[in-house]
Amino acid sequence: MTVAAPQTDHTGAGYDHDAAARSALYALLARAFDNPDEEFHAAAADGSLTSEVETYLDRSALSVEVPALRTDQTHEALCGTYNGLFTLGHAEYTDRTDGSLDSEGPPVPLYESKYRDASWDDVNQDLARAYDHFGVSVSSDRRDHHDNVRLELEFAAYLARREAAGEDSAGKARRDFLDRHLDPFAVALAERLDEVNGGFYADVAAVLEDIVEKDLSDLRDRYGGDSHGEQ
């Protein structure tokens, strides 16, 4: 995801370290749902991934129980697990912007629209408008649908980073974004991974669901609103 990052002073009195920690959590979870590279595998194998999540949670006001986000698989085996859960069954695309998906999809799609009653167009157009409003676009070297979980998590991280820099409207926007998109998506993703015995990734999804739920509850307390961002 390509963003126009705000200029921030991480040492200033007005810098919100709680929001910054939430941003780091979302960014880390976005990495967790990407094809695992060697660095990520090492963190998942030696326990440092769990420690990193706990460190960011300690810096925030979120109260989330974190299981051991750890794998005993080799890097190659973890990549195989990732592909088996999230990618196998998809056709190869030259241009992935038309909304078409193979009917023989993976056991756990990483696209919000696969879990929603709303149409692909409705979900992705709403996300495109939100991204565009905050100066965010999908990277040209990684063309994908707007409702990919990694892009949604990167957007949540970006909004929290802008809130940390003192932009109050970014906190309200994150409330609406979580409410309309990431919260129901996280719930559905965790349920699907639990159904298919997703192991390590089921644990990651459970943590994601809990973080989003607690973050959204806190944002509603601060900014008002209930379901669908209603005031």
Side-chain angles (χ1 to χ4, degrees), residues 1-2 26-46 49-50 53 67-125 127-128 131 138-157 181-212:
M1 177 169 280
T2 301
Y26 284 122
L28 182 58
L29 288 165
R31 284 191 62 202
F33 282 104
D34 205 348
N35 205 319
D37 58 20
E38 292 186 359
E39 182 181 2
F40 180 81
H41 170 261
D46 67 13
L49 176 62
T50 308
V53 171
L69 300 176
R70 194 164 187 167
T71 181
D72 294 327
Q73 292 183 298
T74 64
H75 178 228
E76 182 179 5
L78 186 63
C79 289
T81 296
Y82 180 93
N83 289 330
L85 287 170
F86 303 125
T87 68
L88 292 183
H90 277 293
E92 293 294 327
Y93 295 95
T94 301
D95 182 354
R96 301 189 60 183
T97 61
D98 63 356
S100 61
L101 288 174
D102 192 282
S103 60
E104 297 295 330
V108 187
L110 291 178
Y111 296 89
E112 180 192 347
S113 56
K114 299 296 288 185
Y115 302 93
R116 304 297 298 271
D117 291 333
S119 69
W120 182 93
D121 282 341
D122 287 344
V123 171
N124 279 270
Q125 288 178 11
L127 287 166
Y131 295 172
V138 179
S139 299
S140 59
D141 61 348
R142 184 179 143 194
R143 295 181 66 84
D144 209 336
H145 303 320
H146 292 78
D147 66 331
N148 181 282
V149 68
R150 296 185 298 275
L151 297 180
E152 293 200 22
L153 287 166
E154 289 172 10
F155 185 56
H181 291 284
L182 194 52
D183 182 51
F185 188 8
V187 170
L189 189 62
E191 288 178 350
R192 183 68 62 86
L193 278 162
D194 188 56
E195 289 171 359
V196 301
N197 298 315
F200 168 75
Y201 286 105
D203 290 337
V204 173
V207 170
L208 168 62
E209 179 185 7
D210 204 3
I211 287 173
V212 172

Chemist: Could you measure the distance from the CG atom of Leu29 to the CG atom of Asp34? Nearest 0.5 Å is fine.
Modeler: 12.5 Å
Chemist: Dump the intermediate steps for side chain to side chain contact (heavy atoms under 4.5 Å, CB included) on Phe155 and Leu151, then the final yes or no.
Modeler: CA-CA 6 Å; Phe155 185 56; Leu151 297 180; over 6 Å; no
Chemist: Arg31: what forms a salt bridge (charged side-chain N to carboxylate O under 4.0 Å, His left out) with it, not counting sequence neighbours?
Modeler: Asp37
Chemist: Set out, in order, the CA-CA distance, both residues' side-chain angles and the distance that settles side chain to side chain contact (heavy atoms under 4.5 Å, CB included) for Tyr26 and Val212, then state yes or no.
Modeler: CA-CA 9 Å; Tyr26 284 122; Val212 172; 3.9 Å; yes
Chemist: Only pairs at least two apart or in different chains count here, so list each side-chain hydrogen bond (donor to acceptor under 3.5 Å, both in side chains) that has a residue in residues 192-212.
Modeler: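 The answer is Asp210-Lys214.
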Chemist: Given Val149 and Glu112, is the side chain to side chain contact (heavy atoms under 4.5 Å, CB included) satisfied, shown in steps?
Modeler: CA-CA 7 Å; Val149 68; Glu112 180 192 347; over 6 Å; no
Chemist: The criterion is side chain to side chain contact (heavy atoms under 4.5 Å, CB included); which residues satisfy it with His75, sequence neighbours excluded?
Modeler: Glu38, His41, Cys79
Chemist: My understanding is that only residues two or more places apart in sequence, or in another chain, count here; which of them pass side chain to side chain contact (heavy atoms under 4.5 Å, CB included) with Ala77?
Modeler: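 Ala77: side chain to side chain contact (heavy atoms under 4.5 Å, CB included) contacts with Gln73, Thr74.
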Chemist: What residues, two or more places apart in sequence or in another chain, satisfy side chain to side chain contact (heavy atoms under 4.5 Å, CB included) together with Ala188?
Modeler: Tyr115
Chemist: Using side-chain heavy atoms (C-beta onward) and a distance below 4.5 Å, is Trp120 in contact with His145?
Modeler: yes
Chemist: With side chains defined as the heavy atoms from C-beta onward, is the minimum distance between Tyr131 and Glu152 less than 4.5 Å?
Modeler: yes
Chemist: Mind checking whether Asp144 and Arg150 have side chains closer than 4.5 Å, heavy atoms only?
Modeler: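 A side-chain contact exists here, since the closest heavy-atom pair is under 4.5 Å.
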Chemist: Not counting sequence neighbours, which residues clear side chain to side chain contact (heavy atoms under 4.5 Å, CB included) with Ala43? List them please.
Modeler: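 If we apply the side chain to side chain contact (heavy atoms under 4.5 Å, CB included) test to Ala43, skipping adjacent residues, the hits are Ser48, Leu49.
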